[in-house]
Colleague: 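I have a structure here, written as structure tokens, and I will follow up with some questions on it.
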There are 6 protein chains.
Amino acid sequence: MRPSGRTPDQLRSLSIETGFTRHAEGSCLISFGDTRVLVTASLEERLPSWLRGKGQGWVTAEYGMLPRSTHSRTNREAARGKQSGRTQEIQRLIGRSLRAGIDLKKLGERQITIDCDVLQADGGTRTASISGGWVALRLAVNKLLASGQLTEDPIISQVAAVSCGISQGVPVLDLDYAEDSTAEADANFVMMGDSRLIEVQASAEGAPYDEEGLLRLARMGCQQIFAEQKKAVA
Amino acid sequence: MRPSGRTPDQLRSLSIETGFTRHAEGSCLISFGDTRVLVTASLEERLPSWLRGKGQGWVTAEYGMLPRSTHSRTNREAARGKQSGRTQEIQRLIGRSLRAGIDLKKLGERQITIDCDVLQADGGTRTASISGGWVALRLAVNKLLASGQLTEDPIISQVAAVSCGISQGVPVLDLDYAEDSTAEADANFVMMGDSRLIEVQASAEGAPYDEEGLLRLARMGCQQIFAEQKKAVA
Amino acid sequence: MRPSGRTPDQLRSLSIETGFTRHAEGSCLISFGDTRVLVTASLEERLPSWLRGKGQGWVTAEYGMLPRSTHSRTNREAARGKQSGRTQEIQRLIGRSLRAGIDLKKLGERQITIDCDVLQADGGTRTASISGGWVALRLAVNKLLASGQLTEDPIISQVAAVSCGISQGVPVLDLDYAEDSTAEADANFVMMGDSRLIEVQASAEGAPYDEEGLLRLARMGCQQIFAEQKKAVA
Amino acid sequence: MRPSGRTPDQLRSLSIETGFTRHAEGSCLISFGDTRVLVTASLEERLPSWLRGKGQGWVTAEYGMLPRSTHSRTNREAARGKQSGRTQEIQRLIGRSLRAGIDLKKLGERQITIDCDVLQADGGTRTASISGGWVALRLAVNKLLASGQLTEDPIISQVAAVSCGISQGVPVLDLDYAEDSTAEADANFVMMGDSRLIEVQASAEGAPYDEEGLLRLARMGCQQIFAEQKKAVA
Amino acid sequence: MRPSGRTPDQLRSLSIETGFTRHAEGSCLISFGDTRVLVTASLEERLPSWLRGKGQGWVTAEYGMLPRSTHSRTNREAARGKQSGRTQEIQRLIGRSLRAGIDLKKLGERQITIDCDVLQADGGTRTASISGGWVALRLAVNKLLASGQLTEDPIISQVAAVSCGISQGVPVLDLDYAEDSTAEADANFVMMGDSRLIEVQASAEGAPYDEEGLLRLARMGCQQIFAEQKKAVA
Amino acid sequence: MRPSGRTPDQLRSLSIETGFTRHAEGSCLISFGDTRVLVTASLEERLPSWLRGKGQGWVTAEYGMLPRSTHSRTNREAARGKQSGRTQEIQRLIGRSLRAGIDLKKLGERQITIDCDVLQADGGTRTASISGGWVALRLAVNKLLASGQLTEDPIISQVAAVSCGISQGVPVLDLDYAEDSTAEADANFVMMGDSRLIEVQASAEGAPYDEEGLLRLARMGCQQIFAEQKKAVA
């Protein structure tokens, strides 16, 4: 029995509320149980200097946790004057993942920045950020298509992510904080809409690590996330 | 006629949703029209080093805007590696204001940090932060009283804040962004529950500045905010 | 009786020594009693990037305290690697105040930076900086007029500032450190030459706050400062 | 045919030169072909503050590239004033990996810091750092055992790492820079001496990703690395 | 003929005004011609952590230039967020020089910080800082002796510094900015009261460098500075 | 007798291994006894902005110590977020010294950056960096000449550096760490190939300082270094 009472292959209650904030070109509040991430997509008609004149666009991501999104208060990174290694690792992962689902040449010379801000954390904030990030990105690109700034859709595929792990010897899907902090092994999978892998990050520390079993769970989980993404952007 | 269609002495639609996040000792999402600020109060049983052993507690505040809370994206302060002068000025104001409403000796040797994170900005984020900050502080102190960690209530008074300004020659209450960016004069008032002033910050740049008229509006506005605060913490 | 023996409406001994340093386009050493601030105005024929090509100039200010301008030594901000919130708040106030007295379009595409460095602090350093800043600005603009770089005077008005407060129940003018640290309420007023208000910053913490009384004192004080400014730039 | 002429399951020429520097408690220069990393283990009889008094030790890692270890010069992180996200991600991985092979309680209240400095980069610097890091750690712990500071060996297992990838459709072992920059998929595997997995980091961007094939190659590669590690510390 | 009309062995007009600021335990405004440095000595009854419990005191120095002390405005180091290499090099030199003249054991477990802030620069700011630094240090130590906190004088010797250089083939004393920027060789000498050398820093870039000639000039210059120091502290 | 058993005028065993890393345009590993510095010269066909369009090139240097190059571990400057004053002082000295030996106009509008990374420290790291830096610079310029990018050799002179000091009353050449930390006086001399001085930095703290004797030793030492440089670049 999992601490949450879920079955091993059961996602937490998942919701994606689009338009949570009104200034961004795309936005959603994505919730996996108590994990809630506000994601916005901001379009800018300029590129970082190293990309100018290369005939392509860019998608990048930034990630942050509100100081009291966590059980005890975490210091504010802006006040400390730097982003932690964990933050940078996560925002690099989100950016790479979302770029795998878009044709940057077709996007044209513009940049879309995906901001993922964790309002409340209960495990799985990076996978929620990726899954919600795709929704915000899709909505922002839809605006470009609707306005005629783009005539061809640059988006190649949906992108979603989920965590799996071995908890008390059993492979389980979508770990919450209680499971995550005690799991023997845990892995984050990022996938395209046809289940092809984009990224795998697994940490087992020598525990029996059943890649096949976890991957099967991840595919099941991502199918549900893909379905919710579709509903959200419909 | 104001851009929003409001009368000169009309507040924007005000709502205070407590318990918006579950980890903090106190929290609320406060909205003045489209301005929405998530406020949390975090209790820590330790003090900054310069206050240790002085027989009193401390209330401090931090403020941040999500990068896309604004009309066009603002750089993330954590990524830039420092908080702007504006951010520091605002969080100092919030802290001073809330400390005016609490007896730090009665609070005992503990610290309460008020985090004010702007999810969406449409003018008046600092006054919303103060007004919501008092609610979060009240809720956190209530927990200390309920648990017996405190036996006497250290809170002396409600604290609320509102902006007023001269827009097209007319004194108006609670400016939104459209008014704020074109006002001839604007002022922020912070008040105790009995309307005594805590802080005034006014910028007129030589426009006729009718302190009496603005103060009268501010008192009207704060009465409504005090009433909403009471309902929220009831 | 005030600690300094002054009457409630008495300024400290005020002096403005122009040309204290020789490299700057304008400079003065302004003293309010033991508070001494060295102010320089530096002219640069370039603008920050966000202002280029907008057909106007800019006036900005920076503020600093020498480490031992204070009673006990304060850490050097350059060594700590950042300016404090207080410093940033003050230099933003000085810049806003001085910009209110100048027509930036008439100034043309150039920048004047006002540096206010406190050699000795005894209360009222921000108001001394503003009052001295106007002198340095006036002198620098005079050079532009004398050299023919400007043919029309962009300066609209004198600008001066003074603090007032409630000390032991009595409204008093121009608080020194001993009064400032124990005052029930204190306020800084920035005014144009015709006594119109530019900025008000007041902190009362619930004490009876007699805006009218303080404003009357501030007007008296500023009249004397305006007279000294005129003598200094004559 | 691989650019280097190697067969798909062939490691680059591997050497581990211990004692490359003389001050460190353990050190080696590890080379995988043209990738050369200088690794030192530094023992300190103190712990970070968050670990004091917990009855255990700590192993941590830092990583850096000399500015001209790369094909074109990279800015020095010390001069830029911060470590990149990539650097932080890598040093976190090295630390986690090595901690999986040691019993921190048996290590006692001391810290070992593994510094991995890349003298020359040609792909695979993070896996070389882990594999060389274990050698430096083993040597430092040997000193503690030889001196009697430890009576029981805290090291549980060898730890090694290698990269594998899909290059032109073929799974290959130990990618050099030429392969790494064009591979369809690449993965880093960290393993214990008995081939149990510690960490997997894979990036496929939707290419066919043959986890089984890559894992088989990684196990072959790590067997050779384990053998070289044993020779080096003998 | 030197640009200033001085003879080769002539110091600029030298003045040392003690007590320029009133909070510091020792202070002076030292002027070498147009070079003017405000120096303060701050006494603190605490030590940096690495010196605690070692039975000795410490003398350290910090150096800064006001932004418009220079011909054209220099960026404020506090605003840039770091001290330049030049600043750090100079303050290290000042600290080492002054420590050579004091017995740190006799000073006892306290720290004296010498702040050297350049109000106006015209060459030779580091040597003026050292020469004025000794005066401020002497005054601060005098206070400790007068109050009985010290019973034995820890000061071993006067310390002074002066620059010399080769200008148009001629060895000259005490270069001003016009000479310094065109000199073939220049050197800074720091000396004890009996002319023994503490520090030499010379830069010749291959020009004929007449150490003996320069040293002779430096000794002459320092004799005059020693005499002025004595008058100042009398 | 010196701790190392050397005679007073004996250099440590000196070796210069060119081509230690393969990416740089010039590189060497220079060893003075146990002091080992990896030096690379990186050519970039661009200039810092303040030099563009001035018809000349630039040579600059950066210096760093690996954290465990020292007897006990030193914090990594990249992790601390800034370079120490000592590091900046040293890299400024290396840059000035090498620029004295090259005609920057003849170099053309390109920059050569000399990176000096100390792998192992035993005294004299700055002088080893300068002496090795010249070798790397010479090799990089040779490439420009061989490729026809330069047709005239911009190098004017060899540049070498060595330390001398007074140890137990005796002038000695090339101090190692054991001597350096106890010497009564020590000095670094930088010279051109014809023994003309470029830089002298001496610290005597009042000890008898025999400039003539030290300079004579330095000239002897540099002659040997010049000979080794020539062999290395032959």
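Proteins get letters first, then strands, A, B, ... in listed order; numbering begins at 1 in each.
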Colleague: Checking heavy atoms, do the side chain of Ser69(F), its backbone, both or neither come under 4.5 Å from chain D?
Modeller: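 When you check distances to chain D, only backbone atoms of Ser69(F) fall under 4.5 Å.
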Colleague: Between Leu38(F), Asp115(F), Asp122(F), which has the largest tally of heavy atom pairs under 4.5 Å with chain D?
Modeller: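 Greatest number of close heavy-atom pairs with chain D: Asp115(F).
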Colleague: Quick check on Glu62(D) against chain F: is it the side chain, the backbone, both or neither that has a heavy atom closer than 4.5 Å?
Modeller: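 Both parts, heavy atoms under 4.5 Å.
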Colleague: Under a 4.5 Å cut-off applied to non-hydrogen side-chain atoms, are Asp34(D) and Arg22(F) in contact?
Modeller: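 Answer yes - side chains close enough.
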Colleague: Check whether His23(D) reaches the backbone of Ala121(F) with its side chain - one donor and one acceptor, N or O, closer than 3.5 Å.
Modeller: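 Here the side-chain-to-backbone pair exists.
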Colleague: Under 4.5 Å heavy-atom distance to chain D, tell me which part of Thr87(F) shows up: side chain, backbone, both or neither.
Modeller: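 Neither part.
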Colleague: A side-chain contact here means heavy atoms from C-beta on lying under 4.5 Å apart; do Glu25(F) and Arg68(D) qualify?
Modeller: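 The answer is yes; the side chains approach within 4.5 Å.
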Colleague: Where does Thr40(D) contact chain F at under 4.5 Å (heavy atoms): side chain, backbone, both or neither?
Modeller: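 Contact with chain F is through the side chain of Thr40(D) alone.
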Colleague: At a heavy-atom separation under 4.5 Å, does Thr113(D) approach chain F through its side chain, its backbone, both, or neither?
Modeller: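 Only the side chain of Thr113(D) comes within 4.5 Å of chain F.
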Colleague: If I measure from the heavy atoms of chain D, does Gln88(F) come under 4.5 Å with its side chain, its backbone, both, or neither?
Modeller: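 For Gln88(F), there is no contact with chain D at all, as no heavy atom is under 4.5 Å.
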Colleague: So what's closer than 4.5 Å to chain F heavy atoms on Ser27(D): side chain, backbone, both or neither?
Modeller: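 Neither part.
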Colleague: Do other residues, nucleotides or ligands put more than 12 heavy atoms under 6.0 Å from Gln149(D) CD?
Modeller: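 Correct, the count exceeds 12.
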Colleague: So for Gln83(F), is it side chain, backbone, both, or neither that comes closer than 4.5 Å to the heavy atoms of chain D?
Modeller: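 Interface part for Gln83(F): both.
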Colleague: Between Arg76(D) and Asp117(F), is any pair of side-chain heavy atoms under 4.5 Å apart?
Modeller: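 When only atoms from C-beta onward are counted, Asp117(F) and Arg76(D) do touch, with a gap below 4.5 Å.
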Colleague: Counting only non-hydrogen atoms closer than 4.5 Å, does Leu119(D) touch chain F with its backbone (N, CA, C, O), its side chain (CB onward), both, or neither?
Modeller: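 Both the backbone and the side chain of Leu119(D) come within 4.5 Å of chain F.
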Colleague: Where does Arg36(D) contact chain F at under 4.5 Å (heavy atoms): side chain, backbone, both or neither?
Modeller: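 The side chain, not the backbone.
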Colleague: With a 4.5 angstrom heavy-atom cut-off, which part of Gln91(D) approaches chain F: side chain, backbone, both or neither?
Modeller: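 No part of Gln91(D) comes within 4.5 Å of chain F.
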Colleague: Could you check whether atom CD of Glu44(D) has more than 12 heavy atoms from other residues, nucleotides or ligands sitting under 6.0 Å from it?
Modeller: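 Enclosed: over 12 neighbouring heavy atoms sit under 6.0 Å from CD of Glu44(D).
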Colleague: For chain D, find which of Glu77(F), Lys82(F), His71(F), Arg80(F) contributes the most heavy-atom pairs closer than 4.5 angstrom.
Modeller: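 Among the listed options, the one with the most contacts to chain D is His71(F).
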